[in-house]
Amino acid sequence: MKDNIFADIIDTKGLFIDKEVLRHTYKPSKLPHRDEEVKIMRYNLVEALKGHIPSNMILYGVSGAGKTAVTQFICSQLEEMGQNIDRFVNPVFINCRKIDTQYRVLAHLGNSLLEDYENDDIPFTGWPTDKVFSELIRRMDRLGGVHIIVLDEIDHLVKKSGDDLLYNLTNLNAELKKARCSVIGISNDLKFTEYLDSRVQSRLGQEDIIFNPYNAAQLQDILRMRSKKGISKGALGKGVIELCAGMAAQEHGDARRALNLLRVSTEKAEQSGDTEVIERHVRIAQNQIECDQITPVIRSLPSQQKLVLFAVLRNEKHGLKNIATGEVFELYKQACKNFGSNILTSRRITTLLSELDTLGLITAKTVSNGRYGRTKMINSCIPNSIDPMEIMIEAEDMMIAVDNGKYRFQAKI
DNA sequence: AATCCACAGGAAGCCCGGGAAC
DNA sequence: GTTCCCGGGCTTCCTGTGGATT
């Protein structure tokens, strides 16, 4: 056993007490600086415990502002209280970034209501949507009680698939005989209701709650609270929490980012055998988090999108900033020829560029050059510490070979 | 004030693959 | 095996747009 590579480190006392506490998936028992929001939601959702229908709600706020955490916390408390007083309350969470069509949301809801002995899942495609809808109603009624449907990142769903689903879901109570239902939408976009039909707007937005971003002081409180449980006493050097909170506050007050930063900084200190986390570890962690976020995104892009991104990066490599869509398209065509790939239309490239913008890999700002037309100014957002070419080389479906310092495409064998 | 550029982006429709129902 | 349904990728066609130029 002495030869095992883990033998000498398995018993080493690390800087963590419980690393899980510092992950955003951890569900804390207290949510600092969210008392007001909890109070409003609690007041509304208590109706479910009385067997009435709570108002539908929309929660707004930037990512990492605690919307999902607060909702999960309240729903678990609600469910627990329901069990105590023998009222069935059933919260169902759906992330609309992963499940982003009307059909899939309905199928997911329906499948979450299966009894243990049942095995008849609604298939992921094949049924007419109205059949899935009536099956959902049947299953909800069979279970009875109050169903709380939480649609996280609802803005993404609406922008992609329209508001048909919300129209149907907010009208569910008219169809249900025994059960009741309430919808909670969680959105990063304050203006997403502009995309909704006015009827859906008024039905869904019965109660709007805005989650303001955390400021640096509030983030410090959150980090202190979590680090008490998660990190050994005395392991955090002076100013570390303040730095993590400050960096995250600059990025729209994202608590998730702050927790990540603190966790990774501590990991870095541990890895280098230090007994204390210092500011240097935070800076290293910041760099790594940036890399970790972007690398898998680039790697998983479809090959056509990689070619578009390549065209942008190729221009920047030559010192060209603020490239117009047309220029990107020209370079993209060249890349396609070199790679032997088919060339898509410029309309399609416009959409692919918008998607890259949404993914945060580029910024595309619409500008007007007067008589010389209207276009988008495109710049990459990939930090200098990352070599995107390296990542693309590892891609499964294509590779870029380096030839005398120049990049050229070739099929991967 | 009218014109014009270089797109942006919406709408409609085609094609394909996957799965269920008949 | 055929038909129906859904979703995704894509094209074609089209209208809209902001501001420099005429």
Side-chain angles (χ1 to χ4, degrees), chain A residues 94-111 114 118-136 138-139 151 153 155-169 189 191-192 194-197 297 300-312 315 320-333 335-337 339-359 361-379 395-398:
Chain A
I94 295 181
N95 186 318
C96 300
R97 189 169 284 277
K98 291 180 188 146
I99 301 171
D100 59 0
T101 65
Q102 165 162 235
Y103 183 93
R104 283 192 193 158
V105 171
L106 291 174
H108 183 90
L109 282 170
N111 288 334
L114 278 180
E118 283 180 311
N119 200 21
D120 51 347
D121 269 6
I122 300 170
F124 74 83
T125 178
W127 284 14
T129 307
D130 55 350
K131 183 178 171 182
V132 184
F133 192 65
S134 48
E135 178 63 19
L136 171 66
R138 193 185 69 77
R139 290 183 187 185
L151 301 172
E153 304 205 48
D155 45 327
H156 187 259
L157 175 89
V158 171
K159 282 173 198 163
K160 194 179 172 225
S161 307
D163 61 359
D164 284 358
L165 172 75
L166 297 181
Y167 182 84
N168 287 327
L169 286 183
D189 180 359
K191 291 182 179 169
F192 94 97
E194 285 175 8
Y195 299 93
L196 300 177
D197 180 277
V297 179
S300 63
L301 291 176
S303 52
Q304 284 290 351
Q305 208 145 23
K306 279 197 197 102
L307 285 163
V308 177
L309 181 62
F310 177 78
V312 176
N315 270 315
L320 294 172
K321 288 263 169 190
N322 299 331
I323 327 153
T325 309
E327 292 171 280
V328 175
F329 185 54
E330 287 308 313
L331 248 138
Y332 156 80
K333 283 196 285 191
C336 285
K337 279 178 195 159
F339 179 50
S341 169
N342 57 320
I343 300 171
L344 304 181
T345 56
S346 59
R347 173 69 189 88
R348 181 70 188 137
I349 301 306
T350 306
T351 307
L352 293 180
L353 282 168
S354 297
E355 284 170 16
L356 287 174
D357 189 15
T358 310
L359 287 170
L361 294 175
I362 61 167
T363 56
K365 191 182 165 199
T366 308
V367 289
S368 175
N369 296 319
R371 198 180 176 82
Y372 304 107
R374 198 160 172 260
T375 182
K376 277 187 168 176
M377 261 179 7
I378 294 159
N379 289 297
E396 283 174 16
D397 49 352
M398 64 190 275

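Computed from a prediction, not measured in an experiment: that's the story for all the values here. FYI, side chains are in, hydrogens and waters are out, and symmetry mates aren't considered; it's all heavy atoms of this structure. Here is how names work: the chains are called A, B, and so on, in the same order as the sequence lines, proteins then strands, and each is numbered from 1.
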Next item on the list: Find the distance between OG1 (A:T366) and CZ (A:R374) and round it off to the nearest 0.5 Å.
Entry: 6.0 Å
Notebook entry, point to check: Which residues pass the side-chain hydrogen bond (donor to acceptor under 3.5 Å, both in side chains) test with A:D155, sequence neighbours left out?
Noted result: none
Next item on the list: Kindly indicate whether the side chain of A:I378, heavy atoms from C-beta on, has any atom under 4.5 Å from the side chain of A:N322.
Entry: no
Next item on the list: Please list, chain by chain and in numerical order, all residues satisfying side-chain hydrogen bond (donor to acceptor under 3.5 Å, both in side chains) with A:T351, sequence neighbours excluded.
Entry: A:R347
Where do N or O atoms of nucleotides 15-18 of chain C meet protein N or O atoms at under 3.5 Å, pair by pair?
from: C:dG18; atom 1: O4'; to: A:R374; atom 2: NE; distance (Å): 3.4
from: C:dG18; atom 1: N2; to: A:G370; atom 2: O; distance (Å): 2.9
from: C:dG18; atom 1: N3; to: A:S368; atom 2: OG; distance (Å): 3.0

Checklist line | Test side-chain contact (heavy atoms from CB on, under 4.5 Å) applied to A:L320 - qualifying residues, sequence neighbours left out | finding: A:N315
Margin query: Once side-chain contact (heavy atoms from CB on, under 4.5 Å) is applied, do any residues pair with A:L169, and if so which ones, sequence neighbours excluded?
Written below: A:L106, A:L109, A:I149, A:L151, A:L165, A:L172, A:V183
Note to self: Is there a side-chain contact between A:E330 and A:K333 in this structure, where contact means two heavy atoms from C-beta onward sitting under 4.5 Å apart?
What the structure shows: yes
Margin query: Among residues at least two apart in sequence or on other chains, which ones pass side-chain hydrogen bond (donor to acceptor under 3.5 Å, both in side chains) with A:D357?
Written below: none
Notebook entry, point to check: For A:Y167, what residues pass the side-chain contact (heavy atoms from CB on, under 4.5 Å) criterion, not counting sequence neighbours?
Noted result: A:R199, A:V200, A:R203
Notebook entry, point to check: Do A:N168 and A:Q102 have side chains that get closer than 4.5 Å, going by heavy atoms?
Noted result: yes
Item checked: Nearest-angstrom distance from the residue atom CD of A:Q304 to P of C:dG8 -> 18 Å
Next item on the list: Anything under 4.0 Å to a heavy atom of chain A counts; send over the first and last such nucleotide of DNA chain B, read 5' to 3'.
Entry: B:dT3 to B:dA21
Check: Quick check: does any side chain N or O of A:Q305 sit under 3.5 Å from a backbone N or O of A:P302, one acting as donor and the other as acceptor?
Finding: no
Notebook entry, point to check: Can you tell me how far P of C:dG8 sits from CD1 of A:I99, to the nearest Å?
Noted result: 12 Å
Next item on the list: Test A:V308 against every option in A:L356, A:I362, A:L361 by the side chain to side chain contact (heavy atoms under 4.5 Å, CB included) rule and name the one that passes.
Entry: A:L356
Check: Considering only heavy atoms, which members of residues 344-357 of chain A lie under 4.0 Å from some atom of DNA chain B?
Finding: A:R347, A:T350, A:S354
Next item on the list: Find out whether A:I343 and A:Y332 are in side-chain contact, i.e. whether some heavy atom of one side chain is under 4.5 Å from a heavy atom of the other.
Entry: yes
Notebook entry, point to check: Can you name the side-chain contact (heavy atoms from CB on, under 4.5 Å) partners of A:N342, sequence neighbours left out?
Noted result: A:Q304, A:L344
Note to self: Strictly below 4.0 Å, N to O, side chains only: are A:E135 and A:K131 in salt-bridge contact?
What the structure shows: no
Next item on the list: State, to the nearest 10°, the angle formed by the axis through the first five base pairs of the helix from B:dA1-C:dT22 to B:dC22-C:dG1 and the axis through its last five.
Entry: 20°
Checklist line | Rounded distance (Å) that lies between atom P of C:dT12 and atom CD1 of A:I343 | finding: 13 Å
Between the protein and nucleotides 1-6 of chain C, list every N/O to N/O distance that falls short of 3.5 Å.
from: C:dC6; atom 1: OP1; to: A:T129; atom 2: N; distance (Å): 2.9
from: C:dC6; atom 1: OP1; to: A:T129; atom 2: OG1; distance (Å): 2.9

